[in-house]
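Below is one structure, written out as structure tokens; comments come after it.
Sequence lines set the chain letters: A, B, ... in the order given, protein chains first and strands last, and positions in each chain run from 1.
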Number of protein chains: 2
Amino acid sequence: MGDHTSLSLSDDEVDRIFRALADATRRDIVRRTLTEEITVSALAAAYQMSFAAVQKHVSVLESAGLVNKNPQGRERLVRGNPDTLRKAQLLLDQYEELWRRRIDRLDALLAGDPNGDPAGGPPEDPATPGSP
Amino acid sequence: MGDHTSLSLSDDEVDRIFRALADATRRDIVRRTLTEEITVSALAAAYQMSFAAVQKHVSVLESAGLVNKNPQGRERLVRGNPDTLRKAQLLLDQYEELWRRRIDRLDALLAGDPNGDPAGGPPEDPATPGSP
DNA sequence: TGGATATACAACCGTATGGTTGTACGTTAG
DNA sequence: CTAACGTACAACCATACGGTTGTATATCCA
């Protein structure tokens, strides 16, 4: 499917990444293949499901760009792709940053700085979770 | 459902977190509610789907612990929960760390340190992506 | 060459998901 | 008090998902 080389992630690509990570077996496959290159059969032997099922999981991970399949004779060596993982990390970092900015605004409000909330609503509940 | 207060995340909890994040609308809700507390109706007005659909999305996010619903009169104020986001970040950090350790082992091998790969396979493809 | 191995892929099945509409209930405003 | 509002929830539908089995194709080994 896609080539997963773009720097800006489309909604669809992010969907696939997180969806792929939303399954324990697939997360385990990612973990394993980040540490060692391993064939699909060797992977399949590790789980209590059919070979085809594991094949599908690998396929989902590959579509998300989380692993690469490297043909080697009749085998396919599966290797985790840390670049895509970093993309996901970046996404979460951005959310974290959004939250940090909100807290900064609230702090500015509490400090009396009248520039924190241009909308001019009344000061909200001052239960600032400083370091939860 | 769960209380999302545990420090160690169960597979099920991680499943829910990533699945909740695997939808563009839900990611947008997380972004918005990290920045401002907002009612479900106000959220619903922002998307081209029924109120009930948005309600379901919020419910999925709440089950994952990504947002909290704060009853205020007849309204429900939705607020993003950065703690759960941090849990997901931690997960991805661990994967990243796994990969880093593998690279370290390969580097040790290339440096002649005979302690890098106890299995003793031949040196793998030396295309070490040092800082991609 | 022939047989075993590794993978690919299609078809099928039960269940989950994302959406809809409709109904019910508590809360606020007039 | 009544009407409008905000929410909850059930029922339903189409499609996607995770699993199975079966079949086909390519590669290795003896």
Query raised in the report: Would you say a side-chain N or O of Lys56(B) is under 4.0 Å from OP1 or OP2 of dA8(D)?
Result: no
Readout for nucleotides 24-30 of chain D: B = base within 4.0 Å of protein heavy atom, S = sugar-phosphate only, - = neither; 5' to 3' it is ---BS--
To the nearest angstrom, the CZ-P distance between Phe18(B) and dC17(D) comes to 18 Å
Residues at least two apart in sequence or cross-chain that pass side chain to side chain contact (heavy atoms under 4.5 Å, CB included) with Asn68(B), listed by chain then number, are Asn81(B)
Atom CG of Leu77(B) and atom P of dT27(C) are separated, to the nearest Å, by 15 Å
* **N-O pairing of Asp104(A) and Arg100(A) below 4.0 Å** => yes
The reported gap from CG in Leu98(A) to OG1 in Thr35(B) (rounded to nearest 0.5 angstrom) is 4.5 Å
- Arg16(B) side-chain N/O to Gly65(B) backbone N/O, donor-acceptor pair under 3.5 Å: no
| message | Do Leu77(A) and Ile38(A) have side chains that approach each other closer than 4.5 Å (heavy atoms only, starting at C-beta)? | response | no
Separation of dG18(D) atom P from Asp11(B) atom CG, nearest Å, is 15 Å
From CZ of Arg76(A) across to P of dT5(C) the rounded distance in Å is 18 Å
note: Arg19(A), atom CZ; dA16(D), atom P; distance rounded to Å ~ 12 Å
Side chains of Val30(A) and Leu85(A): closer than 4.5 Å at any heavy-atom pair? yes
Between Leu92(B) and Leu21(A), is any pair of side-chain heavy atoms under 4.5 Å apart? yes
In numerical order, the residues of residues 20-33 of chain A whose heavy atoms come under 4.0 Å of DNA chain D are Arg26(A)
Residues Arg102(B) and Glu37(A): closest non-hydrogen pair is NH1-N, 4.3 Å
Here the distance between atom C1' of dA8(C) and atom NE2 of His57(A), to the nearest Å, is 17 Å
Please tabulate, one pair per line, all N/O donor-acceptor pairs under 3.5 Å involving side-chain atoms of residues 42-57 of chain A, not counting sequence neighbours.
from: Tyr47(A); atom 1: OH; to: Asp28(A); atom 2: OD2; distance (Å): 2.6
from: Tyr47(A); atom 1: OH; to: Arg32(A); atom 2: NE; distance (Å): 3.2
from: Ser50(A); atom 1: OG; to: Ala53(A); atom 2: N; distance (Å): 3.1
from: His57(A); atom 1: ND1; to: Arg26(A); atom 2: NH1; distance (Å): 3.2

The correct set of residues in residues 47-55 of chain A placing a heavy atom under 4.0 Å from DNA chain D is Met49(A), Ser50(A), Ala52(A), Ala53(A)
Rounded to whole Å, CG of Leu43(A) lies from P of dA8(C) at a distance of 12 Å
Hits for side chain to side chain donor-acceptor pair (under 3.5 Å) against Glu96(B), two or more places apart or cross-chain, chain-then-number order -> Arg86(A)
Taking C-beta and beyond as the side chain, do Arg19(B) and Val60(B) meet within less than 4.5 Å on heavy atoms? no
